[in-house]
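Each remark here refers to the structure printed beneath this line.
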Amino acid sequence: MQPYDHKRIERKWQSVWSKTKLYRTDGGAGQRSTVNGEKSYVLDMFPYPSGDGLHVGHPKGYIATDVFSRYNRMQGKQILHPMGWDAFGLPAENYAIANKIHPELAVKKNIKRFKKQLGLLGFDYDWEREINTTDPHYYKWTQWIFLQMFHHGLAFRSNEPINWCPSCKTGLANEDLEDGKCERCSSVVEKKALPQWVLKITDYADRLLSGLDTLSWPEYIKESQRNWIGRSEGAEIRFKIQDSGFKNKKEITEIKVFTTRIDTIFSGTFVVLAPEHPLLKNIESGIVNIGEIRKYQDEARQKTEIERTDKSNKTGVELKGVTAINPSTGESIPIWVSDFVLGEYGTGAVFADAHDRRDFDMAKTYGIPLKVSILPPEPELAEKVKRLEECFEGEGILFNSGPFDGLSSKEARPKIVAWLQEKGHATSTVKYRLKDWVFSRQRYWGEPIPLVFCEACKKQVDVHKTQTAQKAKQSTKHKFSKGELQNPGWIGVDEKKLPVKLPKVESYEPTGTGESPLAKIEKWVNVKCPKCKGPAKRETNTMPQWAGSCWYYIAYCIRENHKSQNTKTKQFPNLKSQKTKRILQKWLPVDMYVGGAEHATRHLIYARFWHKFLFDIGVVETDEPFQKLQNVGLILASDGRKMSKRFGNVVNPDEIVERFGADSLRVYEMFMGPFNQAISWNTDALVGTHRFLEKILRLHLNVEKKKSTASNPVLSTLLHQTIKKVGEDIIGFKFNTAISALMILTNALEKEPVLPPKTLAVLITLLAPFAPHIAEELWQKLGHKKSVHLEPWPVYDTSAIKSLLVTIVVQINGKVRGSFEAGRNATEESLKETAFSLPTIRKWMEGKETKKVIIVPNRLINVVVV
RNA sequence: GGGCACGUGGCGGAAUUGGUAUACGCGUACGGCUCAGAACCGUAUCCCGUAAGGGUUGAGAGUUCGAGUCUCUCCGUGCCCACCA
């Protein structure tokens with residue numbers, strides 16, 4: 001037998017495809033098969049080119065998109081299936097530092113390696129559209145989008161303490177934390193006061209939430225985004241604050257608290273403020289024990305994220321000398337400070353009561369009085385709750401609640417809000433868990449933030465702010481954008497001067513001082529102010545890793561094919577141009593987006609946010625970037641752990657390709673199990689798919705040259721069923737069952753004494769998306785000149801998928817007792833007759849009374865006997 | 001603590017969506033080809049039983065002529081969020 005020489009076949013066809021530009025999006029050979037201008041934009045989450053190269057887990061998603069895009073090409077659609085590199089950010093930079101080479105060189109080297117590895121797998125990428133986020137032509141537009149956001153007032157300077165990773169020596173966004181630790185290096189994160197650029201993603205919270213309903217994404221990804229955004233409907237209640245030191249208690253100010261459980265307001269027996277609550281400063285003169293409070297604030301500030309979120313014990317200090325008034329009861333209640341209340345959520349203050357575990361614990365610890373105002377329906381439990389032996393957090397019936405006694409929690413809420421609102425004590429409002437996006441990083445390897453700080457302009461803006469709009473117009477020389485007015489002194493770099501290139505530096509290692517390494521380059525830092533031409537300083541922080549991936553799917557669309565392969569400067573067209581708009585109209589949204597679930601609450605939220613902004617400023621016309629999303633499940637090592645250099649359990653795809661071929665690897669990874677599920681790698685099992693491909697190769701040897709006249713109806717049915725199944729399974733990302741169907745067909749064909757070339761041809765076209773090389777080889781051997789990948793996908797005959805004969809199962813009382821073959825759509829009477837004539841069935845029915853006969857057409861008969 | 005999944009042979013997993021449970025593949029056993037090898041070919045392979053037959057989808061109950069699939073309780077696993085008021 002002729003051995004399966006996968007190396008020769010794969011090398012040969014990869015070279016032919018590349019020479020004929022088979023997979024070019026525009027003007028490639030593939031164009032010829034395009035029907036009606038239908039498009040399919042198939043997108044992989046692009047990799048960051050790490051130094052370790054690919055392991056067999058990485059390509060799983062890429063194989064899936066490749067199968068999907070090849071299938072769609074065969075369906076006659078124009079395909080955009082690009083690939084690029086997300087090369088800014090900590091992974092690339094840390095690799096560079098560890099290996100003592102400049103990140104730019106490291107990235108170049110790693111990209112080369114990745115590209116070579118991907119090349120071995122025979123993907124149908126249009127490499128002419130390759131992008132790299134660290135290319136100045138690319139990040140020019142990353143900066144441009146940021147600049148638009150800044151001018152539109154979506155970027156602001158914040159002095160709030162932020163999460164600081166002491167090991168990576170940079171600030172981090174909320175999204176970059178895992179259990180209070182740095183997501184990259186697992187160091188315990190500290191709080192650090194650092195001025196930061198923050199993007200107002202919360203302005204888009206509602207749209208990010210409602211947009212989810214329109215997307216075909218896995219439900220759990222949508223659900224985690226909903227969780228992450230964390231919309232809570234509730235009420236803001238105002239508590240008046242009195243200085244109780246005076247004889248005639250003096251009202252000094254008021255405090256707002258947020259609650260989703262206003263039904264518990266009557267049991268509110270104390271108020272708790274977050275340690276950083278600004279009110280503490282405002283009323284400090286009234287606080288008798290201010291020293292004690294300050295000490296507590298200091299302690300709280302020094303806590304790490306982990307200590308702060310420790311739920312086991314509650315600490316706090318009472319504010320002596322001041323009290324709050326519960327607006328529902330008019331009672332004077334104590335005010336406490338405790339770090340279980342978060343400064344950054346809601347209003348940074350809560351009213352506390354017996355119907356919240358945390359409040360309950362705190363009250364018990366410090367002997368603060370509690371009052372019950374909700375009772376559970378169970379009488380025994382209610383008694384315990386009344387005696388304050390149990391903390392009842394659920395909804396129940398109101399009690400001790402004045403006019404609302406007897407109402408259920410649900411009924412009471414709107415009524416209580418209305419009642420308090422009338423008196424001016426409350427308003428219903430909505431809060432989000434989502435926090436604004438801390439956008440500055442104190443690291444070298446990122447896009448420079450295209451802003452400068454100018455003292456002269458700061459004065460201008462300050463003047464502007466103190467005057468009325470009209471006066472301001474006359475008195476200030478320059479026009480300031482919304483962002484420039486909101487952030488006095490900060491001026492956007494002139495668009496025409498973009499990109500702000502990352503300067504070459506000697507030392508790109510993080511300083512740890514909170515300054516970026518860029519701050520040391522005086523020549524770069526000191527610039528002329530774009531507004532007043534006076535002396536100004538550049539912003540030296542860089543953008544986070546996620547910036548570049550917020551618009552890369554747009555970049556692929558507008559990176560059109562270049563006539564010359566040697567074009568070195570690949571400029572992107574203006575994002576605001578009409579031409580860009582037309583192209584984006586054609587390609588967006590992405591039809592199929594494939595990547596890991598770990599991006600659910602990071603990249604996938606950030607990119608949606610930027611996209612919605614680009615929609616608002618008229619760059620894109622769709623409201624959402626990614627219409628359909630599929631998650632790829634991890635490939636674990638054979639020991640069940642993650643593949644990692646550290647564990648020494650990494651399988652390199654190059655070796656697998658060398659031994660078994662890319663086609664075997666591709667088919668195996670698609671066959672392993674459900675696509676979105678994590679499964680352990682098993683090289684032994686891969687042998688099975690290799691055998692399967694060899695079997696098809698052998699089929700070809702048996703193919704008869706002359707046309708066969710005899711047609712086997714059973715085989716024809718199977719063939720059409722397979723066409724249907726494989727197509728539907730590819731659309732549904734159920735590749736494992738698609739391949740199983742191909743195996744079943746192959747096994748059946750193998751048993752046939754004669755095999756018409758037409759039948760084999762269909763099998764080969766069905767195989768083509770999965771094993772493109774071997775399919776192309778066999779296709780050519782069958783005498784075709786054109787590539788199999790431009791063939792139309794076979795069409796199944798709806799009548800042919802239904803077999804003429806069906807197996808009817810006969811059950812007695814639900815247990816299978818026999819079966820027989822019958823013609824499709826045989827009458828119920830004839831089925832019954834045949835069934836009852838079967839000897840085994842007769843035996844089971846003997847001497848019993850038949851109560852009922854259930855007939856499911858073309859499937860089964862169930863006889864109920866007693 | 002909250003949310004979302006899930007639990008089927010020795011293993012990865014199928015199951016027309018309520019209708020023959022264990023497809024397909026791995027592994028294993030036996031046989032074949034071969035001087036030999038297996039990354040080759042063939043046959044068999046859920047469990048008990050010689051057989052007739054019986055049992056089986058984490059456990060238990062329920063609905064139904066019929067449940068892996070629907071409902072409830074319990075046990076177990078995975079993922080996401082979490083002092084979020």
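Numbers restart at 1 for each chain; the letters A, B, ... are given by sequence-line order, proteins then strands. Quantities reported herein were computed from a predicted structural model and do not represent experimental measurements.
Comparing atom distances between the A:Val856 side chain and each of B:rA52, B:rA85, B:rG19 picks out B:rG19 as nearest. Nearest nucleotide to the side chain of A:Asn227, out of B:rA39, B:rG2, B:rA14: B:rG2. Here B:rC81 is the nucleotide among B:rC81, B:rC26, B:rC84 with the atom lying nearest to any side-chain atom of A:Trp228. Taking every side-chain heavy atom of A:Glu694 into account, B:rC40 is the closest of B:rA85, B:rC24, B:rC40. Listed nucleotides: B:rG54, B:rA21, B:rA85. Nearest to the side chain of A:Leu342: B:rA85. Among the nucleotides B:rG3, B:rA39, B:rC24, the one closest to the side chain of A:Glu223 is B:rG3.
In this structure, the ring of A:Trp681 has its center less than 6.0 angstrom from the ring center of A:Tyr668.
For A:Lys431 against B:rC84, no side-chain N or O and base N or O form a donor-acceptor pair under 3.5 Å. If you check distances only, the side chain of A:Asn862 does reach the base of B:rC65 with a donor-acceptor pair under 3.5 Å.
Relative orientation of the A:Trp546 and A:His599 rings is perpendicular, given thresholds of 30° and 60° on the angle between their planes. Ring geometry, A:His690 versus A:Tyr4: the interplanar angle falls under 30°, so the pair is classed parallel (tilted spans 30 to 60°).
With a cut-off of 3.5 Å on both pairing distances, the Watson-Crick or G-U wobble partner of B:rC40 is B:rG32. Judged by Watson-Crick or G-U wobble contacts below 3.5 Å, the nucleotide B:rG7 has B:rC75 as its partner. Of all nucleotides present, none satisfies the Watson-Crick or G-U wobble test against B:rU50 with each distance under 3.5 Å. Taking a pair to require two hydrogen-bonding distances under 3.5 Å in either a Watson-Crick or a G-U wobble arrangement, B:rU20 remains unpaired.
Taking the nucleotide of RNA chain B with the nearest heavy atom to each of A:Val350 and A:Asn736, the more 5' of the two is matched to A:Asn736.
If you take atom C1' in B:rC79 and the same atom in B:rC40, they sit 43 Å apart, rounded to whole Å.
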